[in-house]
Amino acid sequence: MALLGHVARLVLHPDDQAECLRILADAGYEDGGASAYGHRVADGQLLMLADAGATSAPSLLYAAASLQSVADRLTAAGVPYSGNRHTELNMQGPGLLRIRVVSASADDMEERSGLDNPVLGFLDSIVVPVTDAAEAAAWAQRCGFFILETSDVGSPMVDVTDGLVKLSFRVQQPGAPYLHYTADVDVEWGSQMTSTLGEACRVIERGQQIELARIDVAGALQIMVTPDEF
């Protein structure tokens, strides 16, 4: 079990929840209905919530059987948090990553199918732009994450996972966490995406090859899709 909980969801904070959900549906996410913390969507690899309100950077929400146990382990690991051990815990992670831990209920016990997104392909990671990837990874390890891969080629990067989500700390310009998918994309795929999503999708081509597709989910999330051979 992950240190922070049994289930993890990426929470989007859109100003326009309906538009956010429309774009996600067109991008291959399945509707899971409303919950106490927002509207559920999922694509087999990632559980998400669209929580209507003022637009802000995506955050992570964990559901834990015992907040007291999580708080004790965070304290032992030297990880600062705010909130109440009986209601919720809040942490400010590397970059703009925020994590919230709440008490789990039977309604929270949702599992991923493991299947690729039918439109976007394979989820590489939740990317967290940081100034120091090694320092960010050290923080994540204290929160129960394990290092999967490190790289100093180009911009330094460290990938970590706790078995529920995969985070990629990458030295980049400061910005909100975003999603990186890889897919078998071609010009026809790009045309279909721009036709379906309109201005929400920008496709960058080099010659007859797609280099990058960038999807803006109602200002609440950026999704990057690159060819799977990259």
Side-chain angles (χ1 to χ4, degrees), residues 8-12 14 16-32 39-50 55 57-58 95 111-130 133 148-161 164-173 175-230:
R9 295 181 174 89
L10 183 68
V11 184
L12 310 186
D16 189 336
Q17 186 184 55
E19 178 66 2
C20 175
L21 293 174
R22 182 193 70 78
I23 294 173
L24 290 173
D26 288 340
Y29 294 87
E30 294 186 0
D31 191 304
H39 200 99
R40 292 178 177 176
V41 295
D43 73 349
Q45 302 168 91
L46 182 65
L47 305 177
M48 290 201 293
L49 290 166
T55 303
E111 294 185 0
R112 298 165 294 163
S113 69
L115 298 176
D116 285 2
N117 184 299
V119 176
L120 306 179
F122 174 76
L123 176 62
D124 178 77
S125 60
I126 300 170
V127 180
V128 182
V130 296
L148 291 174
E149 182 181 1
T150 63
S151 175
D152 289 320
V153 178
S155 297
M157 173 194 76
V158 182
D159 291 347
V160 301
T161 185
L164 297 176
V165 294
K166 177 184 174 184
L167 304 178
S168 182
F169 297 115
R170 301 180 187 179
V171 176
Q172 298 178 349
Q173 289 295 319
Y178 62 91
L179 301 183
H180 176 207
Y181 282 80
T182 61
D184 183 12
V185 299
D186 54 23
V187 174
E188 182 179 351
W189 178 90
S191 297
Q192 179 63 39
M193 292 295 290
T194 54
S195 175
T196 301
L197 295 173
E199 294 183 355
C201 180
R202 181 187 176 196
V203 176
I204 301 172
E205 298 179 10
R206 177 175 292 180
Q208 294 299 309
Q209 301 294 322
I210 289 180
E211 193 171 73
L212 171 71
R214 184 195 304 266
I215 301 169
D216 178 6
V217 185
L221 173 70
Q222 295 290 319
I223 301 176
M224 309 295 181
V225 184
T226 58
D228 56 10
E229 68 266 25
F230 280 20

Check your understanding: What residues, two or more places apart in sequence or in another chain, satisfy side chain to side chain contact (heavy atoms under 4.5 Å, CB included) together with Asp16?
Key -> Ala18, Glu19
Check your understanding: Looking at Ala200 and Ile23, what are the two nearest heavy atoms and their distance?
Key -> CB-CD1, 4.0 Å
Study note, to complete from the structure: Residue pairs meeting salt bridge (charged side-chain N to carboxylate O under 4.0 Å, His left out), one or both in residues 114-130, sequence neighbours left out, come to Asp124-Lys166, Asp124-Arg170
Review point. Sub-3.5 Å donor-acceptor pair from the side chain of Thr194 to the main-chain atoms of Gly198, do we have one?
Key: no
Study note, to complete from the structure: Sequence neighbours excluded, the answer for side-chain hydrogen bond (donor to acceptor under 3.5 Å, both in side chains) partners of Ser151 is none
Practice item. Starting at OG of Ser168, measure out to OH of Tyr178 and round the result to the nearest 0.5 Å. Key: 7.5 Å
**Study point:** side-chain hydrogen bond (donor to acceptor under 3.5 Å, both in side chains) partners of Tyr181, counting only residues at least two apart
**Key:** Tyr29, Asp43
Review point. Side chain to side chain contact (heavy atoms under 4.5 Å, CB included) with Asp152: which residues, sequence neighbours excluded?
Key: Pro156
**Study point:** For Val171 against Ala133, the heavy-atom pair lying closest together
**Key:** CG2-N, 3.9 Å
Point to revise | Atom pair CG (Leu24) and CE (Met48), whose distance is rounded to the nearest 0.5 Å | key: 4.5 Å
Revision key, fill the gap. For Ala176 and Pro58 the tightest heavy-atom approach is CB-CD, 4.0 Å
Practice item. Would you give the length of the straight line joining atom CG of Asp216 to atom CG of Leu197, rounded to the nearest 0.5 angstrom? Key: 10.5 Å
Practice item. Looking only at non-hydrogen atoms, find the nearest pair between Pro118 and Gly28 and report the distance. Key: CD-O, 3.6 Å
Review point. With sequence neighbours left out, what residues match Arg214 under side chain to side chain contact (heavy atoms under 4.5 Å, CB included)?
Key: Leu212, Gln222, Met224
Practice item. Check the pair Leu120 / Ile215 against side chain to side chain contact (heavy atoms under 4.5 Å, CB included), numbers first and verdict last. Key: CA-CA 10 Å; Leu120 306 179; Ile215 301 169; 3.7 Å; yes
Check your understanding: Rounded to the nearest 0.5 Å, how far does CG of Leu167 lie from OG1 of Thr161?
Key -> 7.5 Å
Review point. Just how far is it from atom CZ of Phe169 to atom CD1 of Ile126, taken to the nearest 0.5 Å?
Key: 10.0 Å
Point to revise | Residues Leu123, Asn117; criterion side chain to side chain contact (heavy atoms under 4.5 Å, CB included); working and verdict | key: CA-CA 8 Å; Leu123 176 62; Asn117 184 299; over 6 Å; no
Point to revise | Contacts of Gln45 that satisfy side-chain hydrogen bond (donor to acceptor under 3.5 Å, both in side chains) - sequence neighbours left out | key: none
Check your understanding: Any donor and acceptor pair, going by atom type alone, linking the side chain of Thr196 with main-chain N or O of Met193 inside 3.5 Å?
Key -> no
Exercise for review: State, with a plain yes or no, whether a side-chain heavy atom of Val158 is found less than 4.5 Å away from one of Val130.
Suggested key: no
Check your understanding: Any sub-3.5 Å donor-acceptor pair from Arg112's side-chain atoms to Ala42's backbone N or O?
Key -> no
Exercise for review: May I ask you to decide if Val119's main-chain N or O and Trp189's side chain share a donor-acceptor pair within less than 3.5 Å?
Suggested key: yes
Revision key, fill the gap. Contacts of Glu205 meeting side chain to side chain contact (heavy atoms under 4.5 Å, CB included) (sequence neighbours excluded), chain-then-number -> Val187, Val203, Ile210
Point to revise | For Asp26, all residues meeting side-chain hydrogen bond (donor to acceptor under 3.5 Å, both in side chains), sequence neighbours excluded | key: Arg22
